[in-house]
Amino acid sequence: MKNLIFKSLFAAAAIFMLCSFSSKKEMPLAKVVELGLNRATNQSLHMAQELEHKEGSLPKTINKKGELETSDYSWWCSGFFPGELWLLYENNPRQDLKKYAEMFTARVEKAKDIKYSHDLGFMLLCSYGNGYRITHNPLYKEVLIQGARSLSSRYNEKVGAIRSWDFSPKKWQFPVIIDNMMNLEFLTQVSKFTGEDKFMEIAVSHADKTLKNHFRPDYSSYHVVSYDTITGLPHIRQTHQGYSDESAWSRGQAWALYGYTMMYRESGKKAYLEQARNIARFIMNHPNMPSDKVPYWDFNAPDIPNAPRDASAAAIMASALIELSQMQNDELSKQCLLLAEQQIRSLTSDKYLSTKGENRNFVLKHSTGHFPGKSEIDVPLSYADYYYVEALIRMKTLLNKK
Ligand code: GLY
């Protein structure tokens, strides 16, 4: 008898669990997007308040003691926080967001004269570029033009590309990293509003060279290609932030996807669209892509499934995939949008999204900056937050059109 009662109770519990599981509805995507944007707004305002009186400081990450780590204008990530504030202000025109967007943008101004690095697009387009697009402030335009001249000074006619780094630990003559695709939009934008074709020509030449020399037959990308400055041809292909020279460093694949999607939008060159679609296929079909679609820091990390994730790679991919999904109308486009939705849902879950005030007021957890350098592993990063907010706004715009 006891056994019968136990069996009946067990069956009832099982039926109850099954029913509640099958009736558990997914939150509508529009609600997920609003949740993410509200959290990002809240966290960013708190971050801005914390740094308001710390002259020149811009958020970077948190250190091993859990303290907020900042930089000045010269770190490659200086523009992401002001850029995020501009995007959030555009989404929700609150005066406090605008005040802080202006304040933190001004902290990046000195980057316009940097000639020792290629990162001026990250620094200045995110900050001054978004600011100019939204406010048409003519002073912002002057900074952008000066910055585009500085970046162009790194272009080499023989190679047909912009030099990424000046440091050369491995006999690189002229290192170009896949990340550099992201700095081209800075040049195409300045070319459009100044009418100076030279900036667009440099961007297209760089994208053409990268398309020819940076990719493997499966459309995964090398991190570093160094060019011989006499012949203009590649002489070394290696990694710097990935697991190995032949591995697919996740953020590198994300930069490549975003870079060619953006360059198709900016130039209309069909080869860039095809490249972006092939990179998307590589990413979405990779056997090591986890079920929540937030990549491990390298698709070939040896300790998968225990390897750290890189939420920044997922955020960059999601933003690019939304744009790419609108460029053609076919099955691949639908798959791109579906993958972006899965990434946004995951990033907006408790696993990746900071709770209020958590994570030193960064928005996302679990990014990886430079694993081989033993730096920024499983931490928040300002660029993860920037591209997450951009992806949310792109998705919101799309949902509003439907
Ligand atoms: N160099 C930029 C990055 O870490 O992705």
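All ligand and atom numbering here is 1-based and tracks the order in the structure.
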In ligand 1, which numbered atoms sit nearer than 4.0 Å to a non-hydrogen atom of Gln241? 1 (N), 3 (C), 4 (O)
Between Val176 and Val224, is there a side-chain heavy-atom distance shorter than 4.5 Å? no
Sidechain N-carboxylate O distance under 4.0 Å for Glu102, Lys99: no
Purely on distance, is any nitrogen or oxygen of Trp165 under 3.5 Å from one on ligand 1? no
May I ask you to decide whether Lys64 forms a salt bridge with Glu69, counting only side-chain N to carboxylate O separations under 4.0 Å? no
Residue set satisfying ring-ring contact (aromatic ring centres under 6.0 Å, His included) with Trp249, at least two apart, ordered chain then number -> His223
Before accepting this row, confirm whether a basic side-chain N of the pair Arg107/Glu55 lies closer than 4.0 Å to the acidic partner's carboxylate O. no
Find all atoms of ligand 1 within a distance of less than 4.0 Å from any non-hydrogen atom belonging to Arg251, and give their numbers and elements. 3 (C), 4 (O), 5 (O)
Flag Trp76 as yes when one of its N or O atoms lies below 3.5 Å from any N or O atom of ligand 1, and as no otherwise. no
List the closest protein heavy-atom neighbour of atom 1 (N) of ligand 1: residue, atom name, distance to the nearest 0.1 Å. Asp179 OD2, 2.8 Å
Heavy-atom distances under 4.0 Å are what count here, so tell me which part of Trp249 touches ligand 1: side chain, backbone, both or neither. side chain
So, regarding Trp255 and ligand 1 (criterion: nitrogen or oxygen to nitrogen or oxygen, under 3.5 Å), is there a contact or not? yes
Any chance NZ of Lys351 has more than 12 other-residue heavy atoms, nucleotides or ligands included, within less than 6.0 Å? yes
